[in-house]
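Worksheet: one structure, shown below.
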Amino acid sequence: MTEIPPRYIPADIEEKRLKLWDEKKPFHASAGHSKKGPCTVVIPPPNVTGVLHMGHALNNTLQDIFIRYKRMQGFDTLWMPGTDHAGIATQNVVEKQLAKEGLTREALGRDKFMERLWEWKRHHGDTIIDQLHKLGSSCDWDRTRFTMDEGYSTAVRDVFVKLYERGLIYQGSYIINWCPRCQTALADEEAEHKDSNGQLWHIKYPFKNDPSQFVVVATTRPETMLGDTAVAVNPQDERYAGLIGQIIVLPLVGREIAIIADDFVDKAFGSGAVKVTPAHDPNDFAMGRRHNLDFVNIMHPNGVMNGNAGPFDGLDRFEARKKVVKALEELGLLEKVEPHAHAVRRCYRCETIVEPYLSKQWFVKMKPMADKALEAFRNGEPRIQPKRWEKVYENWLVDIRDWCISRQIWWGHRIPVWYDSHGGHFVAKTEAEALAQARAKHGKDVPLTQDPDVLDTWFSSWLWPFATLGWPQENMDLKYFYPTSTLFTAPEIIFFWVARMVMAGIEFMDEVPFQDVILHGTVRDAKGRKMSKSLGNAIDPLEIIKEFGADALRFSMILNSGQDIFISKEKFEIGRNFSNKLWNASRFVMMNVTPEARVKGFADIDHAALDPASKWIISRYQAALKEVTEAIEQFRYSEAENSLYEFFWGTYCDWYLEMAKSRLVELNAQKTAWLVLSNTLKMLHPFIPFVTEELYVYLHDTEAFLTLEAWPVVEAQYVDAGAEKDIQAVLSLVTVVRNIRAQWNIKPSDSLECVLNGSREALARVQQQEDVVRKLVRISSVRYETSAQAVKDSAAGVAGELQFFIPLGGLVDVAKEKARIMAEITQTEKAAASIEGRLSSEAFVQKAPPDVIAKERQRVSELKVKIDDLKRTISCLI
RNA sequence: GGACGCAUAGCUCAGCUGGUUAGAGCGCUGCCCUCACAUGGCAGAGGUCGAAGGUUCAAGUCCUUCUGCGUCCACCA
């Protein structure tokens, strides 16, 4: 047998395991091997711009626990890895790089720029995959996909064409969220509301027929007045009843605009009159359509005012705002300025204030797909945990709005639409097909140009569960591994990703892509702030792996995962210490066990010949296995880990191994120690894969991939109530003696004698364990006495357990000990009294369920026995 | 403005369908380098379960209101 090295060095074993996993590929997935069927998980593809952060570490640890457990359960598991091209984010990174060289993407040109991006992706894009790998993620790495690889791009184009053919994609001029810095459209979800303290400017608009009279309008964006083409009031508003249709001369611009009536206007807000800027506000846009107003665009795409802004032409929008306000003030048209707290939309990538902007974009009509997703959801697909997110998900689907999918950037899937010079467009998977369509339409070859824009990143991500499996090709993998089992992700992307994947899954595969969605919390620092680079509070997972090990990182994080996860560096000590304990306990077992003890199962142990402690640990082990298995099944991983921690450290190491020290000469005890440890390693493997596998290999003296071993099965026949009682008696005796030793500062070298008084049965039990007790508490001698009272109790069936103990000799301060015991008696009596009070209440006896009453009675009698024990102990203290 | 979540030991959290004297880890105090482990062992201190009402034989657990934190959604200019 190879000996386990004396020191646990995480870095060494993790490197060793990773190398083996890479070589032998135990995570390789193939269809149709197991009778249990498939179990698929797709990774939420991290951005290629990304560096591993704690959020990834958590997300991937959860997935790995799930997939390793399922693999051990015998499923054909597939964990599909990959990365997302992350359009705007990645383009921004590379543009920044260019800026350092004094270059811009425009100066470089589209082709060269794309080359730079691909180059960047090749060099940096896979960093994160490598880091996930270091975490121990058991993905089938050979299948790693990228949202812009060739096959995936085919799928994206295919989907675009199919949706277009189904009438679900259209092009139109609408107000969209425009980022003037990125110079692209953003989806609603990409324009985040951020509270800000703005101002509300009240502006007087003079009437044409009487310039001394005004209508007052309020706005948070005064510069947009340059594009006003109406003023709107509520038709029910008496104040303006006679004014509808009146003409107003727009200040600074001189444009004549009318007062119109529209239900949208809230009478109660401000003056009740609203300036209408159809080209620069979504509500005004809608009003403009309803009333056939002019759409005056006053801004260039970069946020600089254009020719329509008259004297403000060429000014940045915020500069123009100041100038407009100043000009109005000079004209005496500014009634007042109020502070105004409101939410401003900002670009989710660069935080620039988003400008509602009129432009021609491609949209996906969402309602029909959302309705199907809703129907599925109401039939229970997918299940979402925690449940409280279900309503959020459902509401979004109910109130769904169309999805703007075109982006004016270069990095991404080019929109598969080609235009001829006559204003016609052709939607096709390839340019050749588009040309063919054009030829058919025009009767001759015509030159086409492809739409310069690309698709929203999420337009590729929403296909992830099936596009990664080869769709639109119908291959074996797709048939077998789709739909996937469980999706682990963060609640932030329910809308961006989860809901859209469901819709795509139904639309193109006729099946919801996953059964369960597990939404986990956010990793925060010790103060509860989100971890971010800019705050400087981020803990780098790689640093933790280096210092404490990947196992420690995983273990500590999961143990801490409630809702949101608060983490500081010290927390990782728990995981490292636990792994270290595991290491040393395994060393101890290895040192004390012969090869013959390496048995397959509990059936190979001679149970009848087994000592009570061994029977007890097997019984405790079965209980732990049951608990852990149930917790994992219900995705309560931190609870499972907690049970394992308690069982392994608190029960197996602290008690069993200590008790076993005097018993390990016996082969059956060796078998027990070895087998329980071996199975505990299996249970721990999904959580801490490196150290468990390394130890398992030593323990079994054979190369094995623990993830391919079978998950242990609960064997109820080894649950032994008798043994539990026996050991419980020993444990309480030992605890009490230790207590005495600590209390009275009796050194281990000092002798302590003990007189045990109890029924014959109880004494016999403890006597059987005397060597264990002596070893644990170093009692120099034990005397057994059966008092008349104990015999009586025993006969009456009151007390079958150990009754009490007496420390002898002059080492204990009798007076103090008496006081201590008296206090304990008082406390116990109080407890008993409270239960008795309950039991004596008529209402309780009548209304409480019988089992509860029985339990309470039992409890009272136990407490009374304890009180008697304590009293007798006191009477024996001379 | 809507919706939701959280308040339990100094800190971070368990406490699942209401039912033992409310738990763990870290931290703290004391004693131990005992031949697997000081990344360890043993013992101990520390809580009116955010506040006020209510339902119940019984409430940390259910209901209402309030307070304090947090999250998501949103077209009041």
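A note on names: the letters A, B, ... follow the listed sequences, proteins ahead of strands, and every chain is numbered from 1.
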Would you classify [X] as touching base, sugar-phosphate or nothing, given that sugar-phosphate means primed atoms plus P, OP1 and OP2, and contacts are heavy atoms under 4.0 Å?
{"X": "Lys830(A)", "answer": "nothing"}
{"X": "Ala832(A)", "answer": "nothing"}
{"X": "Ser586(A)", "answer": "nothing"}
{"X": "Arg587(A)", "answer": "sugar-phosphate"}
{"X": "Leu863(A)", "answer": "base"}
{"X": "Arg636(A)", "answer": "base"}
{"X": "Phe548(A)", "answer": "nothing"}
{"X": "Trp649(A)", "answer": "sugar-phosphate"}

Polar pair under 3.5 Å, donor/acceptor by atom type, side chain Arg857(A), base rU20(B):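 No.
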Check: Glu658(A) side chain, rA36(B) base, donor-acceptor under 3.5 Å: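 Indeed, a donor on one side and an acceptor on the other fall under 3.5 Å apart.
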Is the shortest side-chain N/O distance from [X] to OP1 or OP2 of [N] below 4.0 Å?
{"X": "Arg401(A)", "N": "rC75(B)", "result": "yes"}
{"X": "Lys855(A)", "N": "rG19(B)", "result": "no"}
{"X": "His202(A)", "N": "rA77(B)", "result": "no"}
{"X": "Trp389(A)", "N": "rC73(B)", "result": "no"}
{"X": "Arg738(A)", "N": "rC31(B)", "result": "no"}
{"X": "Ser638(A)", "N": "rC13(B)", "result": "no"}
{"X": "Lys661(A)", "N": "rC35(B)", "result": "no"}

The side chain of [X] is closest to which nucleotide in this list: [options]?
{"X": "Lys391(A)", "options": "rU20(B), rC37(B), rC4(B)", "answer": "rC4(B)"}
{"X": "Ala585(A)", "options": "rG25(B), rA36(B), rG19(B)", "answer": "rA36(B)"}
{"X": "Met591(A)", "options": "rG25(B), rC75(B), rA36(B)", "answer": "rA36(B)"}
{"X": "Leu657(A)", "options": "rG19(B), rA36(B), rA77(B)", "answer": "rA36(B)"}
{"X": "Lys581(A)", "options": "rC4(B), rG40(B), rA77(B)", "answer": "rG40(B)"}
{"X": "Asn577(A)", "options": "rC75(B), rA77(B), rG40(B)", "answer": "rG40(B)"}

Quick one: [X] [atom1] to [N] [atom2], roughly how many Å, whole number?
{"X": "Gln858(A)", "N": "rG19(B)", "atom1": "CD", "atom2": "P", "answer": "19 Å"}
{"X": "Phe647(A)", "N": "rA14(B)", "atom1": "CZ", "atom2": "C1'", "answer": "20 Å"}
{"X": "Arg7(A)", "N": "rA36(B)", "atom1": "CZ", "atom2": "C1'", "answer": "13 Å"}
{"X": "Ile259(A)", "N": "rA77(B)", "atom1": "CD1", "atom2": "P", "answer": "21 Å"}
{"X": "Asp399(A)", "N": "rA3(B)", "atom1": "CG", "atom2": "P", "answer": "13 Å"}
{"X": "Glu573(A)", "N": "rC37(B)", "atom1": "CD", "atom2": "P", "answer": "20 Å"}

Distance between the [atom1] atoms of [N] and [M], in whole angstroms?
{"N": "rC73(B)", "M": "rC16(B)", "atom1": "C1'", "value": "30 Å"}
{"N": "rC63(B)", "M": "rU21(B)", "atom1": "P", "value": "24 Å"}
{"N": "rA14(B)", "M": "rA22(B)", "atom1": "C1'", "value": "11 Å"}
{"N": "rC33(B)", "M": "rG50(B)", "atom1": "C1'", "value": "45 Å"}
{"N": "rG19(B)", "M": "rC11(B)", "atom1": "P", "value": "26 Å"}
{"N": "rG23(B)", "M": "rU39(B)", "atom1": "P", "value": "30 Å"}
{"N": "rU56(B)", "M": "rC31(B)", "atom1": "C1'", "value": "48 Å"}
{"N": "rG53(B)", "M": "rC72(B)", "atom1": "C1'", "value": "31 Å"}

For the backbone of [Y] and the side chain of [X], can you confirm whether one donor and one acceptor N or O come within less than 3.5 Å of each other?
{"X": "Thr692(A)", "Y": "Ile688(A)", "answer": "yes"}
{"X": "Arg738(A)", "Y": "Val734(A)", "answer": "no"}
{"X": "Ser556(A)", "Y": "Lys571(A)", "answer": "yes"}
{"X": "Gln670(A)", "Y": "Thr594(A)", "answer": "yes"}
{"X": "Asp551(A)", "Y": "Val691(A)", "answer": "yes"}

Contact list for RNA chain B against residues 280-290 of chain A - heavy-atom distance below 4.0 Å: Asn283(A)
When you compare the side chain of [Y] with that of [X], does any pair of heavy atoms fall below 4.5 Å?
{"X": "Val517(A)", "Y": "Trp389(A)", "result": "no"}
{"X": "His340(A)", "Y": "Gln199(A)", "result": "no"}
{"X": "Met659(A)", "Y": "Leu731(A)", "result": "yes"}
{"X": "Ile617(A)", "Y": "Trp655(A)", "result": "no"}
{"X": "Phe214(A)", "Y": "Pro251(A)", "result": "no"}
{"X": "Glu641(A)", "Y": "Arg554(A)", "result": "no"}

Ion pair Glu355(A)/Arg221(A), N-O distance below 4.0 Å: yes
List, with names and distances, any nitrogen or oxygen atoms from the protein found under 3.5 Å away from nitrogen or oxygen atoms belonging to nucleotides 54-57 of chain B.
from, atom 1, to, atom 2, distance (Å)
rC57(B), OP1, Lys847(A), NZ, 2.1

Check against side-chain contact (heavy atoms from CB on, under 4.5 Å), Leu58(A) and His520(A): CA-CA 8 Å; Leu58(A) 171 66; His520(A) 58 247; 3.8 Å; yes
Spacing of Leu358(A) atom CG and His280(A) atom NE2 [to the nearest 0.5 Å]: 8.0 Å
Structure string for RNA chain B in dot-bracket form, Watson-Crick and G-U at under 3.5 Å, | interchain: (((((((..((((.....[...)))).(((((.......))))).....(((((..]....))))))))))))....
Ring pair (Phe, Tyr, Trp, His ring centres under 6.0 Å), paired with Phe578(A), selected from Tyr645(A), Trp583(A), Phe548(A):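 Of the listed options, the one satisfying the test is Tyr645(A).
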Pairwise 5' ranking along RNA chain B for Ala191(A) and His340(A), keeping only the more 5' one: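 Upstream on the strand: Ala191(A).
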Closest-nucleotide ordering on RNA chain B, the 5'-leading residue of Ser271(A) and Pro6(A): Pro6(A)
Side-chain donor-acceptor pair present, Asp402(A), Tyr174(A), cut-off under 3.5 Å: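 Their side chains do not contain a donor-acceptor pair, so the 3.5 Å distance test is not met.
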